[in-house]
Amino acid sequence: MCIGQVGNLLPHVTLSANLAQHLMPAWGLSAAEGGLMASGYAFGYMLAVPVLTTLTDRIDARLVLLWGSIVSGLATVAFGIFAQGFWSGTAIWSLAGLGFAGAYMPGLKALTDRLPAGDTSRAVTLYTSSFSVGVGLSFLVAQLIADSWGWRAAFLVTACGPIAMVVACLLIDRRQPVPKVGRLLNFAPVFANREALGYILGYGAHCFELYGIRTWLVGFWTFVVAHQGAPSWLSPVVLSFCFAVISMPASILGNEAALKFGRHRAITLVMIASACVALVIGLNATAPAWLLALLLLLYGLTVPADSGALTAGMSAAAASEHRGATLALHSTVGFGLSALGAWSTGAALDIAGGPQSAAGWLLAFIVLAAGIALGPLALLWARMAQRAARVR
């Protein structure tokens, strides 16, 4: 399943990896328009995931995963062939996000449905952290292919990745959930579960920051290279790949810390640290390239370190009969705020002078820091709500 997910993620940041260097210049896009086009993926995901993930409480999640993977690959091919500008690019990329909505959380449901009791936390963390390996390969392949054969070829090549999950779906055993009656989109039990809801809102803050920096990481490093210079080997390709790949051990270690020291405490400390690192990067946007590279790698550790712990906490807090609906809300909130993160970071760049302005990058990193700082507040609210409910 983890190998299949890495394949499904190969198209994931193909647009973001080529946004600043290829698509924005070719189509004359502003930073806000570029961010909005990138956020189309998360927006399409957000619209589809409530239905597709909740559906896994009624049919085998393997089937949703299979068709979602196929749609994701075909939409990526369509972008490489047919996208001609902002509107067509946004529409097609939104369709790719819709396909991925059937490929990520339904994949997690397909995995947890087949795990014995007691294996969930570390298995879920391995699955979520392998997300980072897939994103790293997406950054790497998308930029290398685009630099050699053009950005359209990058979309056509990365579109082959979902084939790996199609094969995985055909190999795993069938598992029909217990028949269920009632409305399909019934989130009332999830909203009543304040413990799970706290993790869901915290995940939203995490996704805001994560998608914001992934969308604009190549653009920021392009700015650094243009203004401060950098060794030839420290290209946007290398930096974005390293930033993504170190997320996997960071997420695993973050979950281990959560198991040892307590989830709320570990997640809160990671989020505060991440906000601080973002502010330091923004305030030092004109610092030497080697210093910024080190800060970005540190940021690459803090940004994902809470991901596995948040998702494992949500999964553990979810009632078994409502796990599909809980996963659906978790993913809807997460990718809804992902779309907001990509767009608002681009809008901040435009407001403060654009991608070639140090002031623009300062405001962009302030926006990212403010977004993740809301995470600890969500966890605190959930804990206080639980205590109040116990008192009553």
Side-chain angles (χ1 to χ4, degrees), residues 11-42 75-94 96-97 135 138-159 211-230 232 234-241 243-244 285-286 289 292 296 339 341-365 367:
H12 192 69
V13 292
T14 303
L15 189 147
S16 298
N18 290 293
L19 182 62
Q21 293 180 311
H22 296 282
L23 298 177
M24 286 174 63
W27 293 342
L29 304 179
S30 68
E33 287 173 329
L36 190 59
M37 186 167 65
S39 70
Y41 190 93
T76 306
V77 169
F79 194 102
I81 297 174
F82 300 114
Q84 297 294 336
F86 172 76
W87 291 108
S88 60
T90 302
I92 297 172
W93 203 232
S94 297
V135 171
S138 182
F139 268 123
L140 181 65
V141 174
Q143 291 178 83
L144 289 177
I145 297 296
D147 290 344
S148 299
W149 293 290
W151 65 265
R152 291 190 185 276
F155 281 90
L156 297 178
V157 170
T158 57
Y211 209 74
I213 186 58
R214 279 182 176 164
T215 299
W216 292 105
L217 177 62
V218 172
F220 176 64
W221 196 248
T222 301
F223 162 82
V224 172
V225 171
H227 289 78
Q228 284 92 270
S232 58
L234 195 55
S235 64
V237 177
V238 172
L239 189 80
S240 56
F241 175 75
F243 184 95
T286 57
L292 286 168
L296 282 170
W343 172 79
S344 60
T345 307
L349 281 169
D350 281 344
I351 289 169
Q356 297 305 316
S357 164
W361 289 111
L362 171 59
L363 186 57
F365 279 101
V367 168

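Just so it is clear, the values below take in all heavy atoms, side chains as well, and ignore hydrogens, waters and symmetry mates.
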Would you say the side chain of Thr76 lies within less than 4.5 Å of the side chain of Thr158, judging by non-hydrogen atoms? yes
If the condition is side-chain hydrogen bond (donor to acceptor under 3.5 Å, both in side chains), which residues does Tyr41 pass it with, not counting sequence neighbours? His12
So how far is it from Gln356 CD to His227 NE2, rounded to the nearest 0.5 Å? 5.5 Å
Heavy-atom nearest pair, Ala339 first then Ser39, reads O-CB, 3.2 Å
Measure the spacing between OG of Ser94 and CE of Met37 and express it to the nearest 0.5 Å. 10.5 Å
Kindly give the heavy-atom pair with the smallest separation between Phe139 and Ala17, and that separation in Å. CD2-CB, 3.8 Å
Just jot down the side-chain contact (heavy atoms from CB on, under 4.5 Å) partners of Phe243, sequence neighbours excluded, or say none. Ile213, Leu217, Tyr299
Keeping Thr90 on the side-chain end and Leu36 on the backbone end, is there a donor-acceptor pair under 3.5 Å? no
Name each donor-acceptor pair under 3.5 Å that joins a side chain in residues 81-88 to protein atoms two or more places apart or in another chain, with its distance.
unit_1, atom_1, unit_2, atom_2, d
Ser88, OG, Gln84, N, 2.8
Ser88, OG, Gly85, N, 3.2
Ser88, OG, Gly85, O, 3.4

Value rounded to 0.5 Å, distance of CG in Asp350 from CD in Glu33: 8.0 Å
Starting at OG1 of Thr14, measure out to CD of Gln143 and round the result to the nearest 0.5 Å. 10.0 Å
Tightest non-hydrogen contact, residues Pro236 and Val218, listed as CB-CG1, 4.0 Å
For Ala142 and Ala154, work out which heavy atoms get closest and say how close. O-CB, 3.4 Å
Apply side-chain hydrogen bond (donor to acceptor under 3.5 Å, both in side chains) to Thr345 and list each qualifying residue two or more places apart in sequence or on a separate chain. none
Tell me, please, which residues at least two apart from Thr215 pass side-chain contact (heavy atoms from CB on, under 4.5 Å). Ser16, Leu19, Ala38, Tyr211, Ala342
Can you list everything that forms a ring-ring contact (aromatic ring centres under 6.0 Å, His included) with Phe155? Sequence neighbours excluded, please. Phe79, Trp93, Trp151
Taken in chain and number order and not counting sequence neighbours, the residues that satisfy side-chain hydrogen bond (donor to acceptor under 3.5 Å, both in side chains) with Ser138 are none
Separation between OG1 (Thr286) and CZ (Phe223), nearest 0.5 Å, reads 7.0 Å
Closest contact, heavy atoms only, Leu15 versus Leu23: CG-CD1, 3.9 Å
Got a sec, which residues hit side-chain contact (heavy atoms from CB on, under 4.5 Å) with Ala289, two or more places apart in sequence or on another chain? Trp221, Val224, Ala230
Interatomic distance, CZ@Arg152 vs NE2@His22, rounded to 0.5 Å, equals 13.0 Å
Of all heavy-atom pairs between Ala20 and Gly219, which one has the smallest distance, and what is that distance? CB-CA, 3.7 Å
Is the shortest side-chain heavy-atom distance between Val157 and Trp149 below 4.5 Å? no
Using a 3.5 Å distance criterion without hydrogens, assess whether the side chain of Trp361 forms a donor-acceptor pair with backbone atoms of Leu349. no
Taking Gln228 for the side chain and Ala285 for the main chain, is one N or O donor matched with an acceptor at less than 3.5 Å? yes
Using the side-chain contact (heavy atoms from CB on, under 4.5 Å) criterion, which residues pair with Ser235? Sequence neighbours excluded. Val237, Val238
